[in-house]
Amino acid sequence: MEALHLWCSIISTFFTTLVLSLVLPLSSLLRRCSRSQSFSEPASTVYQGTVWHERRRPVRHSFKYTVRYALIDLDRAARPPPDHLSADHCRSIAQTDGPVFLLTIPPSVGYEQNPLSLYYCYDSEGCTVNLKKCIAEDMLGNWKIRANAPGDSLFISISVHHPKLGEYFTATLTAERISSVAADSALFFWLMPHRVAVWIYWHALKLWWKGVPFIQHPRYSHQEYREEALVRDMKLQCCQAFQQDEQNHLRLEGNDSDYVKNGGNRRFAWRDAKWPWA
C-alpha cells in the first residue's frame, strides 16, 4: 500500500510540476511588471548554501548537497506560508515582542519538501532588537540546535540524542545571502523542493542497501502512537502552551475531535497527510 501511495504521489507531482513549470515564465514576467510599479522593500531574503548530514548509527552515512532557503518576515509577508506558525504564535511561545522571521524552503510549482523550518524570534531591548530564541519542530529525541542571527551569512548546527541510538545524527547548514533583486523568487526556487526530495529518497535507498531496516509509520503497528506522542510532548517543559480553551484543554487538530489535557506545557497539534498519503 505504501508503494502504491508513493507511485501515485510521484505521478501526480510530475504532471503538476510539468504544467506549472510551463506557465512559470509568464507568471514571473507578470510579477516583475507588478514589482516595477511598487517600490516597497521585499518581505523576504534568499540564501544559498550547503547542507551536510552525518548519521553515525546504526550505520555511518554522510552526504551534502546545495540548497536554497528563504528568510520570510512573517509580520510583513502579504501571504504567510501555509501550514506554518504565525508571527503571533511564535511570540507567544518565545515570550518575545519583536519581529519573527521564518527560514524555510518555499513550495515550487505545486510541490513542497522542507526538512527544516526555523523561526527566529527577536526581542526589543530599548532601541535595539536582538535575537532571543529559535523555534523548530521536534521529533523523538533530544535536539540541540545552534544558530546565528541571519545576516550576510547564516549558520545552523543540529545534533540529536536518541533514547536508544545515542548521539546518532548531526546536520549543518551554511549559507550566504543572495541579493533578492538579482533573482525572481519563483525562478530562484524552481524545483528546489524536488531536488531535496530526490536527495532524501536516494540516500534512504543507500541506507537500506547498507542494511538499515525500513521503519513503517507507527499507525500501521499500533493505534496508541498519538497518545504516546502526547505524553512525550507533555514531558518537555520548555515553554507554555497556547490556543487553549477555558478549561486549559488543548484541541488535537486532524481527525481527532476530543480534547486532551496538556498540563500547560506545550502546544501539540496533529496534521494529517494530504492525498495520496492520507
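For the pair Thr50 (side chain) and Tyr65 (backbone), a donor-acceptor distance under 3.5 Å is absent. Here the side chain of Ser12 pairs no donor or acceptor atom with the backbone of Cys8 at under 3.5 angstrom.
At least one side-chain heavy atom of Val160 sits under 4.5 Å from a side-chain heavy atom of Ile158. The closest side-chain heavy-atom distance from Thr45 to Ile72 is not below 4.5 Å. Residues Leu71 and Tyr120 meet the side-chain proximity criterion, which asks for heavy atoms closer than 4.5 Å.
Note on residues 90-99: pairs passing salt bridge (charged side-chain N to carboxylate O under 4.0 Å, His left out), not counting sequence neighbours, are Asp75-Arg91, Asp88-Arg91. Sorted by first then second residue, the salt bridge (charged side-chain N to carboxylate O under 4.0 Å, His left out) pairs that include residues 8-28, not counting sequence neighbours, number zero.
Annotation: side chain to side chain contact (heavy atoms under 4.5 Å, CB included) contacts of Ile200 (sequence neighbours excluded): Gln113, Pro115, Val196. Applying the salt bridge (Lys or Arg N to Asp or Glu O under 4.0 Å) test to Lys132 and every residue at least two apart in sequence or in another chain returns Asp123. Not counting sequence neighbours, Glu176 has no partner by the side chain to side chain donor-acceptor pair (under 3.5 Å) test.
Side-chain contact annotation: Ser44 with Arg76, donor-acceptor N/O pair under 3.5 Å absent. Between the side chains of Ser21 and Trp190, at least one donor N or O sits under 3.5 Å from an acceptor N or O. No hydrogens or angles considered: a donor-acceptor pair under 3.5 Å links the side chains of His194 and Thr17.
Under the 6.0 Å cut-off for aromatic ring centres, Phe189 and Tyr69 do not qualify, their centroids lying 6.0 Å or more apart.
At least one cation-pi condition fails for Arg55 and Tyr168: the charged atom is not both under 6.0 angstrom from the six-membered ring centre and inside a 45 degree cone around its axis.
Ring geometry, His84 versus Tyr119: the interplanar angle exceeds 60°, so the pair is classed perpendicular (tilted spans 30 to 60°).
Nearest approach of Cys134 to Ala147, heavy atoms of both residues: SG-CB, 4.3 Å. Heavy-atom minimum distance, Leu102 versus Ser117: CD1-CB, 3.9 Å. Contact between Ala149 and Leu131 at its shortest, heavy atoms only, is CA-CD2, 3.8 Å.
Rounding to the nearest 0.5 Å places CG of Leu85 at 8.5 Å from CG of Leu74. Rounding to the nearest 0.5 Å gives a distance of 5.5 Å between CD1 of Ile178 and CZ of Phe188.
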N/O donor-acceptor pairs under 3.5 Å from side chains in residues 202-215, not counting sequence neighbours:
unit_1, atom_1, unit_2, atom_2, d
His203, ND1, His61, NE2, 2.9
Lys210, NZ, Arg60, O, 3.2
Lys210, NZ, His61, ND1, 2.8

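Remark: of the listed residues Glu54, Arg56, Lys144, His53, Arg56 is the sole one forming a side chain to side chain donor-acceptor pair (under 3.5 Å) with Thr170.
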